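Let me begin by presenting the structure, written as structure tokens, before commenting on it.
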Protein chains: 2
Amino acid sequence: MSMDFAPPKYAQVMRAIQERIESGEYAPGDMLPSETQLVRELGVGRTTVVRALQTLAMQGWIEREHGRGSFVKGRPESGADRVRPSLTATEQGESPESLVEVARVSAPRYVAKLLGVAERTPVIMRRRAAREGDLPSAVETVWIPLEIAVGSDLDKPEPLRSGIRRHLQAVKHLRFDHITERVTARKPTKDEVELLGSSNPVLGVLSTVHDPAGTVLLAMSLALPGSLHELEDVYKVS
Amino acid sequence: MSMDFAPPKYAQVMRAIQERIESGEYAPGDMLPSETQLVRELGVGRTTVVRALQTLAMQGWIEREHGRGSFVKGRPESGADRVRPSLTATEQGESPESLVEVARVSAPRYVAKLLGVAERTPVIMRRRAAREGDLPSAVETVWIPLEIAVGSDLDKPEPLRSGIRRHLQAVKHLRFDHITERVTARKPTKDEVELLGSSNPVLGVLSTVHDPAGTVLLAMSLALPGSLHELEDVYKVS
DNA sequence: AATGGCCACTCGTCCGCACAAGTGGCCGAG
DNA sequence: CTCGGCCACTTGTGCGGACGAGTGGCCATT
């Protein structure tokens, strides 16, 4: 009784072609074998070959031209290699040295706006100074509504070794769904200058973390010194 | 002799289902009619229905569960609402007032690196000061390799009314495929201070524009005053 | 030499059919 | 009542065939 699963044939065909592209056997610009040739070569039906080719085209590996053939484009860029500073911040663990402050404060206007609550509503604030080697590399401030923080230890000055995301998932069963992020350039605040040891311009990132229903779970403010951080992004042009 | 084109049937099936989802006839969570029911109802083959449903699933409209059925998820979020400053810059037209300078210069190190040429290679530089109303809102500098610029009028100090992208497409048949972009925070250069009328921190955007083969067509450097610009982004969390 | 038609080749779409495999309810044996 | 098997339903995958339509080269006619 063998428990071996064979992936579907169309996926095998896709893999075969992807490997030939990555190995350089099929170079960008080359024409692929025609559908009927692949049918003969691989011993599958045309339906299967067509499905594989169309999926590859949708994923950006190849381009298909009616009446001419299918042509290699290369390994598609995922666009997922984009830097997402807010997500990183929620996943990084806190250490005793990096955790700067945990406090219950009344929400400043911009935080209240992000959280969708009234100004001066009490919230929990956690601030952390990330380090790269010896040097301070970023200041991350998280603001948590009381409803979310209650019973989660987030109001206690103990470092969260596993990061906020895992912590909220484990303790309160909250799932992160998406993050909205706004990046600008600004001067660091006085607090940030102290922690960073420099008053050079910073990338200011304001973000909110949402659950699947769209409810705001957290707000965040990051200060990333421009001399240390670059946000890279690759995108297709229509 | 009628010239009417009918879209392919699988696309018609997709449209029909999308409309029913948007009208609320099929609400999120609902089970769609089974494949065989849709076959009867719409008078097409199962192949067609399956292709439509699988494409809808790939686009995030529905979810399919083996042995259970297909279920409505709702209109998918595009994620394409992200701000792409470099793309905007290549599409914006130049006006006589905004165009600051066009010159043939030897490429500074960082530009040579972006373009993949030797330092001090001659290149064309075009600089533009974008305005929002009366106020200067950004400085955009484009660097064009001579091979690309030759015979394109890009080296002439005439404003490109239609933007660089359209111009290169029309005159030299060059197609933009993707853009890579690196954003950081920095102080504006002296030139930029003059044009912007302020020395507040700017978002510094360095980008390269590529054709489908990956060749670099242009390099760009943007200075976006932090007080005026925010780069917004929304992303899913795995 | 230029032109237009033919033809072989390509991909695009669609059909009907078949069988595998997952799910859940019904029902009879225990 | 409980459990296990059966069955009807679902989607997943695969085949072969058919016709349409776009492309480009060959070739005879002009």
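The structure presented is a predicted model; accordingly, all values stated were derived computationally and were not measured.
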Query - Set of salt bridge (charged side-chain N to carboxylate O under 4.0 Å, His left out) partners for B:Lys156, sequence neighbours left out - result: B:Asp153
Report task. Just call it for B:Thr48: base, sugar-phosphate, or nothing, with non-hydrogen atoms closer than 4.0 Å on any strand. Result -> sugar-phosphate
Requested in this report: Identify which nucleotide among C:dT13, C:dC15, D:dT13 has an atom closest to any side-chain atom of A:Pro8, counting heavy atoms from C-beta outward.
Outcome: D:dT13
**Report entry** Listed partners of B:Glu65 passing salt bridge (charged side-chain N to carboxylate O under 4.0 Å, His left out), at least two apart
**Finding:** B:Arg68
Report task. Return no unless some side-chain N or O of B:Tyr10 is found under 4.0 Å from OP1 or OP2 of C:dC14. Result -> no
So which protein nitrogen or oxygen atoms get under 3.5 Å of nucleotides 8-11 of chain D's nitrogens or oxygens?
residue, atom, partner, partner atom, Å
D:dT10, OP1, B:Ser34, OG, 3.1
D:dT11, OP2, B:Glu35, N, 3.0
D:dT11, O2, B:His66, NE2, 2.9

**Report entry** Euclidean distance, atom CG of residue B:Leu42 to atom P of C:dT13 [Å, nearest integer]
**Finding:** 18 Å
Query raised in the report: For B:Leu38 and C:dC14, what is the distance between atoms CG and P respectively, to the nearest whole Å?
Result: 15 Å
Report task. Could you state the atom-to-atom distance from CZ of A:Phe71 to C1' of D:dT23 in whole Å? Result -> 10 Å
For residues 99-120 of chain B, tabulate all N or O donor-acceptor pairs below 3.5 Å that involve a side-chain atom, not counting sequence neighbours.
none

Query raised in the report: Does B:Lys9 place a side-chain N or O at less than 4.0 Å from the phosphate oxygens OP1/OP2 of C:dG12?
Result: no
Less than 3.5 Å apart, which donor and acceptor atoms pair up between the side chains of residues 205-218 of chain A and the rest of the protein, not counting sequence neighbours?
residue, atom, partner, partner atom, Å
A:Ser207, OG, A:Ser86, OG, 3.1
A:Thr208, OG1, A:Thr180, OG1, 2.9
A:Thr208, OG1, A:His210, NE2, 3.0
A:His210, ND1, A:Gly214, O, 3.0
A:Asp211, OD1, A:Ala213, N, 2.9
A:Asp211, OD1, A:Gly214, N, 3.0
A:Asp211, OD1, A:Thr215, N, 3.0

**Report entry** Under-4.0 Å side-chain N/O to phosphate OP1/OP2 contact, B:Arg51 with C:dT13
**Finding:** yes
Query raised in the report: Is a side-chain N or O of A:Arg126 found less than 3.5 angstrom from the main chain of A:Leu154, in a donor-acceptor match?
Result: yes
Report task. Could you list the residues that satisfy side chain to side chain donor-acceptor pair (under 3.5 Å) with A:Thr90, not counting sequence neighbours? Result -> none
Requested in this report: Rounded to the nearest angstrom, tell me the gap between atom CD in A:Glu63 and atom P in D:dG22.
Outcome: 18 Å
